[in-house]
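Notes for the one structure printed next.
Naming: A, B, ... by sequence-line order, numbering from 1 per chain.
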Amino acid sequence: MQYWLMKTEPDECSIDDFAKTPAAVIRWDGVRNYQARNFMQDMHIGDEVFIYHSSCAKIGVAGLVRVVRAAYPDPTQFDSASTYFDSKSQPDKPRWVAVDLQYIRRFTEVIPLAAIKTMPAFTDHPLVAKGNRLSVVPISSEQREALNQRANRHKEDEV
DNA sequence: GCCAACGTTGGC
DNA sequence: GCCAACGTTGGC
């Protein structure tokens with residue numbers, strides 16, 4: 001089992017889009033960066049993906065989803081009407097891939113980027129590096145633990 | 001809206 | 001293969 005983090009602008013696709021239809025399978029497409037694509041090709045069914053909201057009011061990790069289908073050719077690269085259309089991509093040799101994701105849980109509160117920056121587990125992680133633009137990054141089990149602990153911080157108060 | 005950092009493109 | 005120019009990302 002591997003862990004990942006994927007960035008999204010919540011206007012495009014947010015954890016709420018997963019949460020409102022928990023059974024739905026959502027295709028994660030439109031990734032047009034080779035490094036990010038290579039990470040997507042390493043994903044397996046069952047891997048957990050932290051959803052990160054960027055370029056918005058509450059920047060940070062908003063919840064968890066699961067990989068339910070491993071990498072396959074991203075259909076939007078062949079769709080000339082799509083903003084993700086890539087004229088250099090050939091159907092017999094696709095450049096870009098998509099994965100399918102399904103809801104696991106939404107965090108009570110978004111874990112702010114500022115909080116992640118203070119976590120020792122994230123000291124050298126690309127997410128907190130200045131100028132980082134990678135939209136898909138691996139997460140270690142220590143980093144996963146740190147995020148889940150922070151996400152569960154208020155749970156005992158609620159019970 | 002600003003701007004720094006980065007990836008990609010294209011001329012040479 | 002180099003590198004300047006350009007477009008995009010993304011925090012602030």
Side-chain angles (χ1 to χ4, degrees), chain A residues 2-20 26-43 47-67 70-101 103-140 142-151 153-154:
Chain A
Q2 299 175 103
Y3 312 107
W4 310 91
L5 178 145
M6 289 173 121
K7 292 183 190 173
T8 177
E9 297 189 15
D11 289 348
E12 302 282 326
C13 177
S14 80
I15 193 67
D16 293 323
D17 295 317
F18 286 93
K20 70 187 175 197
I26 294 181
R27 187 179 71 213
W28 199 272
D29 55 26
V31 173
R32 294 295 179 269
N33 169 285
Y34 289 105
Q35 212 180 337
R37 180 206 62 183
N38 293 343
F39 284 134
M40 288 173 77
Q41 285 172 332
D42 286 341
M43 291 181 178
D47 284 1
E48 290 179 359
V49 180
F50 289 93
I51 295 296
Y52 176 91
H53 288 172
S54 70
S55 299
C56 60
K58 286 186 179 174
I59 295 166
V61 177
L64 256 185
V65 300
R66 188 184 307 285
V67 176
Y72 60 99
D74 178 351
T76 64
Q77 69 195 308
F78 308 122
D79 177 5
S80 59
S82 168
T83 51
Y84 300 122
F85 177 65
D86 185 345
S87 60
K88 293 176 192 150
S89 199
Q90 302 301 322
D92 55 328
K93 208 184 170 205
R95 281 185 159 191
W96 308 113
V97 299
V99 294
D100 286 350
L101 303 174
Y103 181 70
I104 296 180
R105 71 178 177 121
R106 181 183 187 280
F107 294 157
T108 315
E109 294 172 14
V110 171
I111 304 173
L113 177 59
I116 298 168
K117 283 178 174 171
T118 69
M119 295 177 182
F122 276 89
T123 304
D124 293 318
H125 194 268
L127 184 66
V128 301
K130 191 178 179 187
N132 168 60
R133 293 167 51 178
L134 198 52
S135 62
V136 182
V137 283
I139 295 287
S140 71
E142 291 79 13
Q143 289 159 350
R144 170 192 186 239
E145 192 56 33
L147 291 175
N148 281 333
Q149 262 182 25
R150 166 78 193 210
R153 211 174 43 160
H154 299 296

Please check this pair: side chain of [X] against backbone of [Y], looking for a donor-acceptor N/O pair closer than 3.5 Å.
{"X": "A:Arg66", "Y": "A:Ile104", "result": "no"}
{"X": "A:His125", "Y": "A:Ser140", "result": "no"}
{"X": "A:Asp47", "Y": "A:Gln2", "result": "yes"}

A:Lys117: partners by side chain to side chain contact (heavy atoms under 4.5 Å, CB included), with sequence neighbours left out: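 With neighbours one apart ignored, the set is A:Leu113, A:Val128.
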
Donor-acceptor pair between A:Thr83 and A:Arg32 side chains, under 3.5 angstrom: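 Side chains of A:Thr83 and A:Arg32: no pair found under 3.5 Å.
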
Nucleotide interval of DNA chain C bounded by contacts with chain A (heavy-atom cut-off, under 4.0 Å):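 Terminal contacting nucleotides, 5' to 3': C:dG7 to C:dC12.
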
Strand DNA chain B as a dot-bracket string - pairs counted if Watson-Crick or G-U with both distances under 3.5 Å, | where the partner lies in another strand: ||||||||||||

A:Trp28 and A:Phe18 aromatic ring geometry - parallel, tilted or perpendicular at 30°/60° bounds: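 Correct class here is parallel.
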
Close aromatic pair by centroid cut-off 6.0 Å: A:Tyr34 and A:Trp96: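 When the ring centroids of A:Tyr34 and A:Trp96 are compared, they turn out to be within the sub-6.0 Å range.
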
